[in-house]
Q: 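Starting off with a structure, shown below.
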Amino acid sequence: MSHTPMPTRRKALQFLAGMPMLPLGASASASFLTACGGGSDGATFASASFSSMAAPTLSNPAAMATTSVGSTMSVKFSDNSVQNYQLAYQPFFVTGDMVSDGKGGKILAGGYVDINNKAITDTSVAGKERQFFSDSPDGTSLLTVANAKVDGVKGNPVFAVVQFEYTTWAQDGKTDMYGKLPSPIAVLSLDQDPATGKLSLVKYHNVDTSKVHGLWITCGASLSPWGTHLSSEEYEPDAFTIASNAQFKAYSKNLYGSETAANPYHYGHMPEVTVNADGTASIKKHFCMGRISHELVQVMPDQRTALMGDDATNSAYFVFVADKEKDLSSGTLYAAKVGAGFSIDPAATTAAPLTWIKLGSATSAEIEALAGKLKPTDIMTVASADPKDATFTKVVTNGKTEWIKLNAGMEKAAAFLETHRYAALLGASLGFTKMEGTTVNAKDKIAYSALQNIQASMVAGNAANVPGNGISVPKQLVAGAVMALNLRGGQKDTTGAAINSDWMPVDTKALLAGEDITADALGNTANPNNIANPDNLKFSEKLRTLFIGEDSSQHVNNFLWAYNVDTKQLSRLMSVPAGGESTGLHAVDEINGFTYIMSNFQHAGDWGSIHSKVKDTLDPLVRANYKDKFGSAVGYLTGTPSQMKLS
């Protein structure tokens, strides 16, 4: 996201139309030109800021039960004139809608299919059988493809790749479906209006994932610098306990028709989707980037270095350095060791240093081959009780204390198929909890990483905490924090070998932190005027703004925030339906003169204990808005409140 200042007011409209939130509608464009003196040359763009909307309350329950946007974007020019723009949310669809398949027919948005691309049917309510569809859309990428041509597109062809993490319940409202269905991924062919930037859905295409063994729990995502969608598989299934894992057996049954057909070593990897010119796509999995709780990856501007979110208890900072630019199919995997001084206090004056342990180098093909032939006991022995044997090493992974012993010659297999256990064995700092989104501020060479909460393995004295690993705080902060990591070149791993990257994190320090509170009148247990449980992160170079989406069990409504890294202003931009999670965040630099912030939400009306004061009022409203709570919206923020919704 390079910053290219526009020289005159005549070009200011083009610049602003290329800023997040603003595909400008015709009326907004006209008012802007008027405010700019009819396009006369002179003043230049200076800065932009966002007002902060108030959190919705029961004084307006309808606002709590839907996507609510009450924020404003203010644009300042070099002559100190200011133009304000009201923001709004524009959905493409709500999951469960029947949308165009581009072939004259209809297809179920967010619908689940098996390994043969056949619909998976929810039979939980007799007489109301229907195809399962997701209530939890997540990672989204907006992109273009050279020479794209899609029937029905009258303006500019633009594509959105959308992945669906899971569905919460079967139709009976009693059968838990989390992680039991193969995650779909779809390509949306969009018609971009060249004059206003409005995006209209023309075609919905399900990506065939059969060649990569299907997908499991696809969570956050990012757009690679070369224009592909970098997906995720969250919570790698434990291969050692897979025979007793009812969730994974149900997944295998729904995918393959057999409880034992799915191989756990085929999941927990990083899939990459490449969109074709006709709105179809291909997919591959990169087995060489570590089998961890992939939340999402952020590839740095060198197009080789990837910082990865690791959404687990006892998670770690992992970095993959590819051998070649724009090619993640081979490279070297590293895990961080955290030095002294780790703090979650944004006011702390020092940062904790990071050093890097090399786990191994490999190609995706060779690790996939190992995954297909190795059993977990071929790689290592894992004991849940102390074997009283000095050849075993005590580690803590995924919240559990274990004793492990690596089999001879199995270093590579362990590094890429048992990554958490192997990293712990080599002394990496596996102590974070729920490490979620990552993003990069390229100008300042700073990466940002979200800690959804700070508890359990991060708290001194907790059974999951590892003394001496550098990650230890005296008291939990359930509301979480966003960490900032300085990026540098010239680094060496712990053996003294050079790391071939100019974008390695060298330290970590808190940028923003939430605030736990005693429950307020609405039920919030974290300060509603601050971030809580940050998850999705995306940075806009043009706006110098970090966008933060929440996955909070402490805010009655989850919010989407904007934080200006220069002015330190934190602004609430949007509230998602109560009980829902803010997902699918993606800031796009420029597409045909326009830039967009993509935003979805998940599981509206998923009530927790904090919702006791609002549930009775809001539940019927959420049900009415979102298909009895089975539907969720996929869309984007826009500067045109009057823009028509898509059919």
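Below, each value reflects all heavy atoms present in this structure, side chains not excepted, and no hydrogens, waters or symmetry copies. If you're wondering where the values come from, they're calculated on a predicted model, not measured in any experiment.
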Q: Do Gln569 side-chain atoms and Tyr563 backbone N/O form a donor-acceptor pair below 3.5 Å?
A: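 No, Gln569 side chain to Tyr563 backbone: no donor-acceptor pair under 3.5 Å.
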
Q: Would you call Asp619 and Lys629 a salt bridge, taking side-chain N to carboxylate O under 4.0 Å as the test?
A: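 Result for this pair is yes, salt bridge flagged.
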
Q: Main chain of Asp176, side chain of Lys180: is a donor-acceptor contact present, judged purely on distance under 3.5 Å?
A: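 Between the backbone of Asp176 and the side chain of Lys180 there is a qualifying donor-acceptor contact (under 3.5 Å).
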
Q: Could you grab the distance from atom CD1 of Ile357 to atom CG of Leu425, nearest 0.5 Å is fine?
A: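 Ile357 atom CD1 to Leu425 atom CG measures 10.0 Å (nearest 0.5 Å).
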
Q: Would you confirm whether Asp310, through its side chain, and Met435, through its main-chain N or O, come within 3.5 Å as a donor-acceptor pair?
A: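 Here the side-chain-to-backbone pair does not exist.
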
Q: Quick check for you: to the nearest 0.5 Å, what is the distance between Met574 atom CE and Asn558 atom CG?
A: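 Answer rounded to 0.5 Å: 10.5 Å.
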
Q: Any chance the rings of Tyr265 and Phe416 have centres within less than 6.0 Å?
A: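 For Tyr265 and Phe416, the ring centres are not under 6.0 Å apart.
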
Q: Considering only heavy atoms from C-beta outward, does the side chain of Leu546 approach that of Tyr448 to under 4.5 Å?
A: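 Side chain of Leu546 against side chain of Tyr448, heavy atoms only: contact under 4.5 Å found.
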
Q: Specify the closest pair of heavy atoms between Cys288 and Ile367, including all atoms of both residues, with the distance to one decimal.
A: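 Here Cys288 and Ile367 meet closest at CA-CG1, 4.5 Å.
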
Q: Between Tyr251 and Tyr267, is the ring centre distance below 6.0 Å?
A: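 Ring centres of Tyr267 and Tyr251 closer than 6.0 Å.
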
Q: Does any donor atom in the side chain of Tyr626 or Thr66 lie under 3.5 Å from an acceptor atom in the other side chain?
A: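 Side-chain D/A pair, Tyr626 to Thr66: present.
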
Q: Between CG of Asn625 and OG1 of Thr67, what distance do you get to the nearest 0.5 Å?
A: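 Atom-to-atom, Asn625:CG and Thr67:OG1 are 8.5 Å apart.
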
Q: Should Phe392 and Ile404 count as side-chain neighbours, where that means a heavy-atom distance under 4.5 Å?
A: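 Counting from C-beta outward, Phe392 and Ile404 never come under 4.5 Å.
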
Q: Considering the options Thr313, Thr433, Leu477, which one meets the side chain to side chain contact (heavy atoms under 4.5 Å, CB included) requirement together with Asn453?
A: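 Of the listed residues Thr313, Thr433, Leu477, the side chain to side chain contact (heavy atoms under 4.5 Å, CB included) partner of Asn453 is Thr433.
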
Q: Just checking, is any N or O donor in the side chain of Asn465 or Ser457 under 3.5 Å from an acceptor N or O on the other one?
A: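 On atom types as modelled, these side chains do not qualify, holding no pair under 3.5 Å.
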
Q: Does any part of the side chain of Leu181, heavy atoms only, come nearer than 4.5 Å to the side chain of Tyr166, both counted from C-beta?
A: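 No - every pair of side-chain heavy atoms lies 4.5 Å or more apart.
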
Q: Is there a donor in the side chain of Thr305 and an acceptor in the side chain of Ser501, or the other way round, less than 3.5 Å apart?
A: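 Ser501 and Thr305 do have a side-chain donor-acceptor pair below 3.5 Å.
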
Q: Checking Asn533 against Asp551: is there a side-chain donor and acceptor pair closer than 3.5 Å?
A: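 Looking only at side-chain atoms, Asn533 and Asp551 do not form any donor-acceptor pair under 3.5 Å.
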
Q: Could you tell me whether Asp238 and Lys400 have a side-chain N and a carboxylate O separated by less than 4.0 Å?
A: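 Counted as a salt bridge, because a side-chain N and a carboxylate O are separated by less than 4.0 Å.
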
Q: Does Lys434 pair with Glu295 as a salt bridge, N-O distance under 4.0 Å?
A: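 No.
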
Q: Less than 4.5 Å apart, side chain to side chain, heavy atoms only: is that true for Tyr334 and Val321?
A: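 In short, these two side chains touch, coming nearer than 4.5 Å.
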
Q: Strictly distance-based, threshold 3.5 Å: is any side-chain N or O of Ser575 a donor or acceptor partner for the main-chain N or O of Ala55?
A: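 A pair under 3.5 Å: no.
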
Q: Taking it one step at a time, do Phe539 and Val565 satisfy side chain to side chain contact (heavy atoms under 4.5 Å, CB included)?
A: CA-CA 10 Å; Phe539 186 75; Val565 297; 3.8 Å; yes

Q: Nearest 0.5 Å please: distance from the CD atom of Glu234 over to the CG atom of Asp311.
A: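 Here the interatomic distance stands at 4.0 Å.
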
Q: Measuring from Ser183:OG to Tyr112:OH, what's the distance to the nearest 0.5 Å?
A: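 With rounding to 0.5 Å, OG (Ser183) is 6.0 Å from OH (Tyr112).
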
Q: May I ask you to check whether over 12 heavy atoms, not counting those of Lys615, lie within 6.0 Å of atom NZ?
A: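 Result for NZ/Lys615: open.
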
Q: With the side chain counted from C-beta on, respond yes when His603 and Thr168 share a heavy-atom pair under 4.5 Å apart, and no when they do not.
A: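 Heavy-atom side-chain distance check passes, below 4.5 Å.
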
Q: Walk me through whether Ile185 and Leu215 qualify under side chain to side chain contact (heavy atoms under 4.5 Å, CB included).
A: CA-CA 9 Å; Ile185 244 180; Leu215 302 175; 4.0 Å; yes

Q: Which heavy atom of Leu537 sits nearest to which heavy atom of Ala450, and what is that distance?
A: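 Heavy atoms of Leu537 and Ala450 come nearest at CD1-N, 3.5 Å.
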
Q: State, to 0.1 Å, how close Ser552 and Ala532 come at their nearest heavy-atom pair, and which atoms those are.
A: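 Looking at all heavy atoms of both residues, the shortest contact is CB-O, 3.6 Å.
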
Q: Compute whether any side-chain donor of one residue and acceptor of the other, for His586 and Asn536, lie under 3.5 angstrom apart.
A: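 Side chains of His586 and Asn536: no pair found under 3.5 Å.
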
Q: Within the 3.5 Å criterion, strictly below it, is a donor on Thr397 or Asn314 matched to an acceptor on the partner's side chain?
A: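 No, because no side-chain N or O of Thr397 sits under 3.5 Å from a partner of the opposite role on Asn314.
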
Q: Output the distance between atom CE (Met289) and atom CZ (Phe318), rounded to the nearest 0.5 Å.
A: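 One gets 12.0 Å once the value is rounded to the nearest 0.5 Å.
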
Q: If you measure only the distance, is there a donor-acceptor pair under 3.5 Å linking the side chains of His229 and Gln163?
A: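 A donor-acceptor contact under 3.5 Å links the two side chains.
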
Q: Are side-chain N/O atoms of Ser293 and Glu236 paired as donor and acceptor at under 3.5 Å?
A: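 Distance-only check passes for Ser293 and Glu236.
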
Q: Looking at Leu296, is its backbone amide N or carbonyl O close enough to the side chain of Ser232 to form a donor-acceptor pair, meaning the two atoms are under 3.5 Å apart?
A: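 No.
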
Q: Strictly distance-based, threshold 3.5 Å: is any side-chain N or O of Asp507 a donor or acceptor partner for the main-chain N or O of Ala351?
A: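 It does not hold such a pair.
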
Q: Between Thr419 (side chain only) and Arg291 (backbone N and O only), is there a donor and an acceptor less than 3.5 Å apart?
A: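 It does hold such a pair.
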
Q: Students often mix this up, so state it plainly: with edges at 30° and 60°, are the rings of His611 and Trp607 parallel, tilted or perpendicular?
A: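 Perpendicular.
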
Q: What heavy-atom pair brings Gly631 and Phe601 nearest, and what distance separates the two atoms?
A: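 So the minimum-distance heavy-atom pair works out to O-CE1, 4.3 Å.
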
Q: Whether the side chain of Lys509 engages the backbone of Ala348 through a donor-acceptor N/O pair (distance < 3.5 Å, no angle test) should be reported.
A: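 Yes; judged by distance alone, with no hydrogens or angles, the pair exists.
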
Q: Should Gln602 and Asp138 count as side-chain neighbours, where that means a heavy-atom distance under 4.5 Å?
A: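 Side chain of Gln602 against side chain of Asp138, heavy atoms only: contact under 4.5 Å found.
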
Q: Decide whether a cation-pi geometry holds between Lys174 and Trp169; the criteria are a distance under 6.0 Å from NZ or CZ to the six-membered ring centre and an angle within 45° of the ring axis.
A: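 The answer is no; the distance or angle limit is not met.
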
Q: Would you call Asp566 and Arg544 a salt bridge, taking side-chain N to carboxylate O under 4.0 Å as the test?
A: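 Looking at Arg544 together with Asp566, the answer is yes, because their closest N to O distance falls below 4.0 Å.
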
Q: Do the side chains of Val297 and Thr438 get nearer than 4.5 Å, heavy atoms only?
A: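 Heavy-atom side-chain distance check fails, nothing below 4.5 Å.
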
Q: Applying side-chain hydrogen bond (donor to acceptor under 3.5 Å, both in side chains), run through Gln554 and Asn524 and close with a yes or a no.
A: CA-CA 5 Å; Gln554 296 180 270; Asn524 295 298; over 6 Å; no

Q: Set out, in order, the CA-CA distance, both residues' side-chain angles and the distance that settles side chain to side chain contact (heavy atoms under 4.5 Å, CB included) for Leu522 and Val614, then state yes or no.
A: CA-CA 7 Å; Leu522 203 61; Val614 303; 3.9 Å; yes

Q: Is there a donor-acceptor contact under 3.5 Å from the side chain of Ser71 to the main chain of Leu573?
A: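 It does hold such a pair.
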
Q: Taking all non-hydrogen atoms of both residues, which atom of Asn263 and which atom of Ala371 are closest, and how far apart?
A: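 Asn263 and Ala371 have their closest heavy atoms at ND2-O, 2.7 Å.
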
Q: Verify the distance criterion only: is there a donor paired with an acceptor across the side chains of Thr140 and Asn600 at less than 3.5 Å?
A: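 Yes.
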
Q: Looking at Thr218 and Pro184, what are the two nearest heavy atoms and their distance?
A: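 Shortest heavy-atom separation between Thr218 and Pro184 comes out as OG1-O, 4.4 Å.
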
Q: Let me see the working for Leu637 and Leu560 under side chain to side chain contact (heavy atoms under 4.5 Å, CB included), right down to the final yes or no.
A: CA-CA 11 Å; Leu637 282 167; Leu560 175 62; 3.6 Å; yes

Q: Spell out, as yes or no, whether a donor-acceptor pair under 3.5 Å connects the side chain of Asp345 to the backbone of Ala347.
A: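 A pair under 3.5 Å: yes.
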
Q: Can you find a pair of side-chain heavy atoms, one from Glu581 and one from Asp535, that are under 4.5 Å apart?
A: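 Contact flag for Glu581/Asp535 side chains = yes.
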
Q: Given Lys285, which of His269, Glu272, Glu233 fulfils the side chain to side chain donor-acceptor pair (under 3.5 Å) condition?
A: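 Option passing the side chain to side chain donor-acceptor pair (under 3.5 Å) with Lys285: Glu233.
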
Q: With no hydrogens and no angle check, do the side chains of Ser59 and Thr57 hold a donor and an acceptor under 3.5 Å apart?
A: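 Side-chain D/A pair, Ser59 to Thr57: present.
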
